[in-house]
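Below is one structure, written out as structure tokens, with a few remarks after it.
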Amino acid sequence: MDLGRIDSIIRSRMSGMNVPDILLYKELDSTNDYLKKMALQDTTVPEGTTVVSLCQTNGRGRSGRSFFSPQDSSLYFSILLKPTVSFEQALIITPMAAVAVYECMKELFGTELSIKWVNDLYLNNRKVCGILAEGEAVARNGISYPKYIVLGIGINLFSPNEEIPADISDKYGAVFSAEGVELPKNYADKSREEILADLIMALSAKIMSLYTASDKKGFMKTYRNASMLIGREVSYETGQGAIRTEVMDIDDDGALVCRDRFGNINHYRDGEISLIL
Ligand code: BTN
């Protein structure tokens, strides 16, 4: 892909607009790590600053996992946020990002993804997007606040040229290579560079608009509607083993509301789940 072309499309659209910078790279270790370093070295780097790479050599996912990041087929994107709420309240940023991806993919390409709590999006039972929000904490009056949050998103758009690692090959997916998915007519003649430029612009605008909205949790309705888990039986990893439970709802704080086999209701704010098929 031609990085200069993506850059010039974005610059021409942003010209005259007072918006934070979008920095594009051909290859980085991880867009999250790069933006974190920027934010730590210079605390005046503005909120909304975005780093994009066409490939990552050390893409990272949740729980210390790596995120397969081949060249030219996916969007690797990180945006800097500086929330003034506590770390606990800032956890809502991950579901917010999932809604931003869901809405942008629907509005731009007519593609409807499903959200798998808390940070993944799926299409045809394959993971096409992962989200990793990371930050550093500072304590004030016994409450932990983020100094900054780096919100990282990886969206697989096209089939990769590299071989998909064996451990993820049965669940790795790319939006425009999924069965039954085609680019809409207005995109049929557009280059990958134009598709990426449109998605980058739309995503950064959508994230900032959800993030600054007066109704801080208004997007949770969309999150619930797009969720692939509500009403399903799942296996929830507690840290001390897995339990089987039924997902009843997702609350406004982004917690999974589950009913166990004894009828007890539990709210889970983090952890790993897998669907029981
Ligand atoms: C996951 O699947 O657990 C989350 C994956 C998050 C991947 C994105 S790609 C852009 C940003 N940079 C990273 O190293 N990770 C995130």
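Residue indices begin at 1 and follow the sequence shown. All heavy atoms count here, side chains included; hydrogens, waters and symmetry mates do not. In each ligand, atom 1 is the first atom listed, and ligand 1 is the first ligand listed.
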Next on the checklist: Let's go through N58 and S30 carefully: what are the C-alpha distance in whole Å and the side-chain angles of both, what is the deciding distance for side-chain hydrogen bond (donor to acceptor under 3.5 Å, both in side chains) to 0.1 Å, and is it a yes or a no?
Outcome noted: CA-CA 5 Å; N58 187 29; S30 148; over 6 Å; no
Next on the checklist: Is there a side-chain hydrogen bond (donor to acceptor under 3.5 Å, both in side chains) between E112 and Y102? Walk through the geometry before answering.
Outcome noted: CA-CA 7 Å; E112 202 150 339; Y102 170 83; 2.9 Å; yes
Next on the checklist: Applying side-chain hydrogen bond (donor to acceptor under 3.5 Å, both in side chains) to Y187 and D198, what does each step give before you reach the verdict?
Outcome noted: CA-CA 10 Å; Y187 272 95; D198 278 3; 2.4 Å; yes
Checklist entry - Does the pair D260 and T245 meet the rule for a side-chain hydrogen bond (donor to acceptor under 3.5 Å, both in side chains), with working shown? => result CA-CA 5 Å; D260 69 16; T245 187; over 6 Å; no
Item to check | Test log, rule salt bridge (Lys or Arg N to Asp or Glu O under 4.0 Å), inputs D251 and R269 | outcome: CA-CA 10 Å; D251 72 18; R269 285 216 78 174; over 6 Å; no
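Tracing side-chain contacts under 4.5 Å through hydrophobic residues (I, L, V, M, F, W, Y), one reaches L121 starting from V99; they form part of the same cluster.
Heavy-atom proximity to R60, at under 4.0 Å, picks out these atoms of ligand 1: 5 (C), 6 (C), 7 (C), 13 (C), 14 (O), 15 (N), 16 (C). Set against the non-hydrogen atoms of T31, the atoms of ligand 1 under 4.0 Å away are 10 (C), 11 (C), 12 (N). For ligand 1 and S30, the ligand atoms under 4.0 Å from any heavy atom of the residue are 12 (N), 13 (C), 14 (O). Of all atoms in ligand 1, listed by their number and element, those nearer than 4.0 Å to a heavy atom of L132 are 6 (C). Short contacts between ligand 1 and G59, defined as distances under 4.0 Å to a heavy atom of the residue, involve ligand atoms 14 (O). Heavy-atom contacts of G61 reach the following atoms of ligand 1: 1 (C), 3 (O), 4 (C), 5 (C) (cutoff under 4.0 Å). For ligand 1, the atoms lying closer than 4.0 Å to a non-hydrogen atom of I153 are 8 (C), 9 (S), 10 (C). Less than 4.0 angstrom separates some heavy atom of F77 from each of these atoms of ligand 1: 10 (C).
Among the atoms of Y76, none of the N or O lies under 3.5 angstrom from an N or O of ligand 1. The shortest N or O to N or O distance between R65 and ligand 1 is not under 3.5 Å. Here's the thing with K127: one of its N/O atoms is less than 3.5 angstrom from an N/O atom of ligand 1.
Ranking the protein heavy atoms by distance from atom 5 (C) of ligand 1 puts F67 CD1, 3.4 Å first. When hydrogens are left out, the protein atom nearest atom 3 (O) of ligand 1 is R62 N, 2.7 Å; that is the closest non-hydrogen contact.
Ring-plane geometry between Y76 and F67 is classed as perpendicular, the angle between the planes exceeding 60 degrees on a 0 to 90 degree scale with a lower cut at 30. Ring geometry for F158 versus F176: interplanar angle of 30 to 60°, hence tilted.
Heavy-atom distances between Q56 and ligand 1 reach below 4.0 Å in at least one pair.
S74 and N156 share a side-chain donor-acceptor pair at under 3.5 Å.
Residue I131 touches ligand 1 through its backbone alone, judged by heavy-atom distances below 4.0 Å.
No option in I195, L183, L199 other than L199 meets the side-chain contact (heavy atoms from CB on, under 4.5 Å) test with L108.
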